[in-house]
Amino acid sequence: MQIFYTPDIAVNPELPEEEAGHCIRVLRLTEGDEILLTDGKGAFYKAAISRAHHKHCEVSILESWQQPALWNFRLHIAVAPTKNMDRMEWFAEKATEIGIDAITCLNCRFSERREIKPARLEKILVSAMKQSQKATLPLLEGMTDFKSFVSQPFDGRKFIAHCEDGDKTLLKQTYRPGENALVLIGPEGDFSPEEIGLALQQGFEPISLGESRLRTETAALVACHTIHVLNQ
C-alpha cells in the first residue's frame, strides 16, 4: 500500500494538495478506498477516503500506531553541499533510505555552493522516506556556518573526516555500536586547516573513511552506511 505524507493529519484529516492530486488524479483512488498515511514524526495512520477531491482529499482515520524504532542511536551528518546539487540530492535520498536522523548543509571556507533550496531537498527526503517505508522524516537544516555549527552541543561522538595528513582512525575502528554520532564531511576542496583545528578544539575526533579519496557525497554516504553496518 502506497504511503502518503500528511504532517498535520493528527489535527487535520485531509491530504496536502500535492498528495491529494497524486492520490486522486494519478492513482485514481476514490471514496471508500483505504490508504496509508504518515505524519513524518514516527506514526502511521490507516485511513479511508471520505471525500475524493484532487485538492481537498478528506479521510477518516481507522487506526494509528507508532513505528518501532528502526535503530537505537542518533545519526547526524553535516556536509558541505556540492556545486552540482544532483549529487547532494542523491546523498540525501540514499541516506534517508539507509536511515539518518538529521542532515545539515555546511557553509565552509572552500564550499562550492553557498545557497540551496531546502524545499527541493525536503521533497526528496519525503519521497525517500515513503519509498523506504519509514514513518520519520529526517531533520533538514539549511546552510549553516561551520564555526557556529561545530560550537553547538551534541550528545554523542563527534567526528570530522578530512584529507589532511596526521593521525586519523578509521571510523569503523573507533565508533562503537549504539553511540550517537555526528559526522562532518567537507567540500571537494576539503576543510581549511583553521576549520579542522577549530573542530578538534570543540571535541571532534579526526577519522578516515578508507584509503580512497572520495567525493563529498560518496564520503557522506559511506559514513552513514558504515555506522549502520557496525550496528547490525
Side-chain angles (χ1 to χ4, degrees), residues 1-79 88-105 116-144 152 154-156 178 180-182 220-221 224 227-228 231:
M1 185 180 295
Q2 184 159 344
I3 301 172
F4 295 91
Y5 177 52
T6 50
D8 301 320
I9 192 63
V11 295
N12 181 23
E14 182 178 310
L15 272 64
E17 185 173 335
E18 186 172 343
E19 294 284 65
H22 184 70
C23 177
I24 304 305
R25 281 180 168 170
V26 179
L27 300 180
R28 299 187 180 278
L29 299 179
T30 188
E31 293 174 9
D33 288 339
E34 294 185 358
I35 56 177
L36 184 62
L37 318 172
T38 180
D39 58 6
K41 304 176 183 70
F44 280 123
Y45 297 78
K46 184 178 180 181
I49 298 174
S50 57
R51 180 175 179 236
H53 190 278
H54 65 275
K55 289 188 177 181
H56 307 287
C57 179
E58 298 174 5
V59 299
S60 299
I61 304 300
L62 303 177
E63 61 177 308
S64 64
W65 63 94
Q66 288 292 127
Q67 184 178 43
L70 300 178
W71 52 88
N72 65 344
F73 56 91
R74 180 168 178 79
L75 177 57
H76 186 163
I77 292 184
V79 55
M88 183 66 182
E89 292 168 0
W90 175 84
F91 158 70
E93 177 186 67
K94 301 311 175 188
T96 301
E97 292 176 13
I98 293 170
I100 194 168
D101 295 286
I103 297 173
T104 295
C105 299
I116 64 166
K117 296 180 180 179
R120 168 67 181 171
L121 274 179
E122 182 88 9
K123 286 185 177 181
I124 289 171
L125 296 181
V126 168
S127 178
M129 174 189 67
K130 295 191 297 182
Q131 187 276 330
S132 58
Q133 298 186 333
K134 294 181 177 66
T136 302
L137 184 68
L139 174 67
L140 175 64
E141 189 174 16
M143 294 302 296
T144 305
Q152 297 175 9
F154 179 77
D155 182 18
N180 296 337
L182 167 59
L221 193 64
C224 177
I227 296 293
H228 273 277
N231 275 282

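Bear in mind that the values here come from a model prediction, so they are computed numbers and not experimental data.
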Without placing hydrogens or testing angles, list every side-chain donor-acceptor pair under 3.5 Å for residues 22-29, not counting sequence neighbours.
unit_1, atom_1, unit_2, atom_2, d
His22, NE2, Gln2, NE2, 2.9
Arg25, NH2, His54, NE2, 3.1

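- At most 12 non-hydrogen atoms from other residues, nucleotides or ligands lie less than 6.0 angstrom from CD of Glu18.
- Looking only at side-chain heavy atoms (C-beta outward), Phe91 and Ile103 come within less than 4.5 Å of each other.
- The number of heavy-atom neighbours closer than 6.0 Å to CZ of Arg51, taken from other residues, nucleotides and ligands shown, is above 12.
- Here the side chains of Thr30 and Ile49 are not in contact, with every heavy-atom distance at 4.5 Å or above.
- Pro7 approaches Pro16 most closely through the heavy-atom pair CD-CG, 4.1 Å.
- In this structure, CD1 on Ile9 lies 4.0 Å from CD1 on Ile61, to the nearest 0.5 angstrom.
- To the nearest 0.5 Å, atoms CD (Glu58) and CD (Glu31) are separated by 9.5 Å.
- Counting non-hydrogen atoms of neighbouring residues, nucleotides and ligands closer than 6.0 angstrom, the CG atom of Asp155 reaches no more than 12 such neighbours.
- Looking at every heavy atom in both residues, Lys55 comes nearest to Glu14 through O-OE2, 4.2 Å.
- Residues Leu182 and Thr104 fail the side-chain proximity criterion, which asks for heavy atoms closer than 4.5 Å.
- Between Asn180 and Arg74 the shortest heavy-atom distance is OD1-N, 2.8 Å.
- Taking the six-membered ring for Trp and thresholds of 30 and 60 degrees, Trp71 and His228 have ring planes more than 60 degrees apart, a perpendicular arrangement.
- For Cys57 against Ala20, the heavy-atom pair with the smallest separation is CB-CB, 3.7 Å.
- At least one donor-acceptor pair under 3.5 Å links the side chain of Asp39 to the backbone N or O of Ala43.
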Evaluation steps, side chain to side chain contact (heavy atoms under 4.5 Å, CB included), between Tyr5 and Leu137: CA-CA 10 Å; Tyr5 177 52; Leu137 184 68; 3.6 Å; yes
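- Shown here for Val79 and Met88, the closest heavy-atom pair between the two residues is CG1-CE, 3.4 Å.
- With values rounded to the nearest 0.5 angstrom, Ile100 atom CD1 is found 13.5 Å from Thr136 atom OG1.
- The distance from the CZ atom of Phe44 to the CD atom of Glu63 is 12.0 Å, given to the nearest 0.5 Å.
- For Asn231 (side chain) and Gly178 (main-chain N/O), a donor-acceptor pair under 3.5 Å exists by modelled atom type.
- Atom NZ in Lys130 sits 12.0 Å away from atom CG in Leu125 (nearest 0.5 Å).
- For the atom pair Glu122 CD and Met129 CE, the distance stands at 9.0 Å (nearest 0.5 Å).
- Scanning both residues, Ile77 and Ala220, for their nearest heavy atoms gives CD1-O, 3.3 Å.
- Side chains of Pro118 and Cys105 form no contact here, defined as non-hydrogen atoms less than 4.5 Å apart.
- Listed by chain and number, the residues in a side chain to side chain contact (heavy atoms under 4.5 Å, CB included) with Ala181 are Leu75, Phe159, Tyr175, Ile227 (sequence neighbours excluded).
- At distances below 3.5 Å, not a single donor-acceptor pair connects side-chain atoms of Ser127 with backbone N or O atoms of Lys123.
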